Amino acid sequence: MSAATAKTTSPHPKILIAAAGEDDIWQKAMVARLPDADIVTQHENYDPVTIDYALLWKQPQGMLKTLSGLKAIFSLGAGVDHVLSAPSLPANVPVLRLEDAGMADQMVQYHLYAALHFLRDFDIYTRQQAKADWTQHDVARISKCRVGVMGLGALGAAVATAMTQIGFAVSGWSRTMKAIDGITTYAGSETLTEFLGQSDILICMLPRTPETEGVLNSNTLSQLPKNAAIINAARGAMIVEADLLRLLDTGHLRGAFLDVAITEPLPESHPFWDHPKIRVTPHIAAATRIEESVDQIAENIDRITRGETPRGLVDRKTGY
Ligand code: NDP
Ligand code: OXD
């Protein structure tokens, strides 16, 4: 048990868990971390007005409307789009997200694999294998391959740093200016064209907000260098799917490695599944690690109880 547990100052908070199919796992972990709290899942009997904290992942519609005494809402993921889009979201309750919580390492692994897929021509060799074609291609120099990371937050910054460590030439783009060792940084929409124009492999690590929805469309994707590749493990809504398909089919883009889609699970008839230039994974880039997450949540409950600002507080104006 960590020192933070011993110092817990919130004696008997009432906590509700609605975590899609994982309520019981979260409940067990939270009970172990906060043994004095009263922790229920959405399927148990509880009085909604007595709930202090809601821990949510894809909560049922209308649930938030019934929780009139909430002190905070915790997203059980890094993204908060599923919470902020709820029509019944109360206006003045703080929304908190998980920061890293074991996800950064996994995002790094996912993006290293995907970037090397393109650097080392595994997309081309996969298509060749289907035709028993033994043609060899020159091996590209990693230092000449420019990786652009959109979003330099808890996950994007870790991905960008890992890319520099294996030798890619890395730049990053964010809303406000960032300084990260070894990375050329850009900020704001006025720099987007310049940033895109020098990204041979574009990684999207943005949150879904009204500003980022559809940011990768015909216009912006055309600003990537010819033969560029895209990796998106953030949210499907950042890409206009029809525009991506068109730019792949016209040959401007070389390929796409996609962990997310506008509709998930990706429908069986979706053109992404069997497109020769697209690799699909089923939203597995980074799973929330429960142990790290319950620590973060418990520490935040402590902070709130002490009247301090919690970690991972979402700005409702920017949407992340
Ligand atoms: P953060 O909130 O820590 O970082 C977001 C970054 O995006 C920041 O650098 C921010 O800029 C930048 N950003 C936000 N809006 C804009 C904008 N309009 N223009 C330019 N930059 C912008 O998020 P995380 O790194 O923790 O997570 C990113 C996303 O990854 C999550 O929101 C989630 O959707 C997705 N995700 C996907 C998973 C998967 O398994 N597929 C798992 C976990 C997360 P600034 O630094 O200036 O604030
Ligand atoms: C998240 C996710 O946002 O898993 O954490 O997508």
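Predicted model only: the values in this text are computed from it and were never measured. Positions are given from 1, in the same order as the sequence printed here. Each ligand, and each atom within it, is numbered from 1 in the order the structure gives.
Listed as neighbours of ligand 2 are Trp57, Gly77, Ala78, Gly79, Met103, Arg235, His283, Ala286, each bearing a heavy atom under 4.0 Å from the ligand. Closer than 4.0 angstrom to ligand 1 by heavy atom are Ala78, Gly79, Arg97, Met103, Met107, Gly151, Leu152, Gly153, Ala154, Leu155, Gly156, Trp173, Ser174, Arg175, Thr176, Lys178, Met205, Leu206, Pro207, Glu211, Thr212, Ala233, Ala234, Arg235, Asp259, Val260, His283, Ala285, Ala286, Tyr320, sorted by chain and number.
Taking the six-membered ring where tryptophan is involved, the planes of His117 and Phe257 are perpendicular, since the angle between them exceeds 60° and thus also 30°.
Summarising the geometry of Ala78 relative to Met103, their closest heavy-atom pair is N-CE, 3.7 Å, with the distance given to 0.1 Å. The minimum heavy-atom distance linking Pro94 with Leu313 is given by the pair CB-CD1, 3.7 Å. Looking at every heavy atom in both residues, Met163 comes nearest to Ile203 through CE-CD1, 3.9 Å.
The neighbour count for Gln223 CD, taken as heavy atoms of other residues, nucleotides or ligands under 6.0 Å away, is above 12. Under a cut-off of 6.0 angstrom, the local environment of NZ in Lys317 is sparse, with at most 12 non-hydrogen atoms contributed by other residues, nucleotides or ligands.
Under a 4.5 Å side-chain heavy-atom criterion applied to ILVMFWY residues, the cluster that includes Trp134 comprises that residue alone.
For the ring-ring contact (aromatic ring centres under 6.0 Å, His included) test, no residue two or more places apart in sequence or in another chain qualifies with Tyr320.
Looking at heavy atoms from C-beta onward, Pro90 lies in side-chain contact with Leu64 at the 4.5 angstrom threshold.
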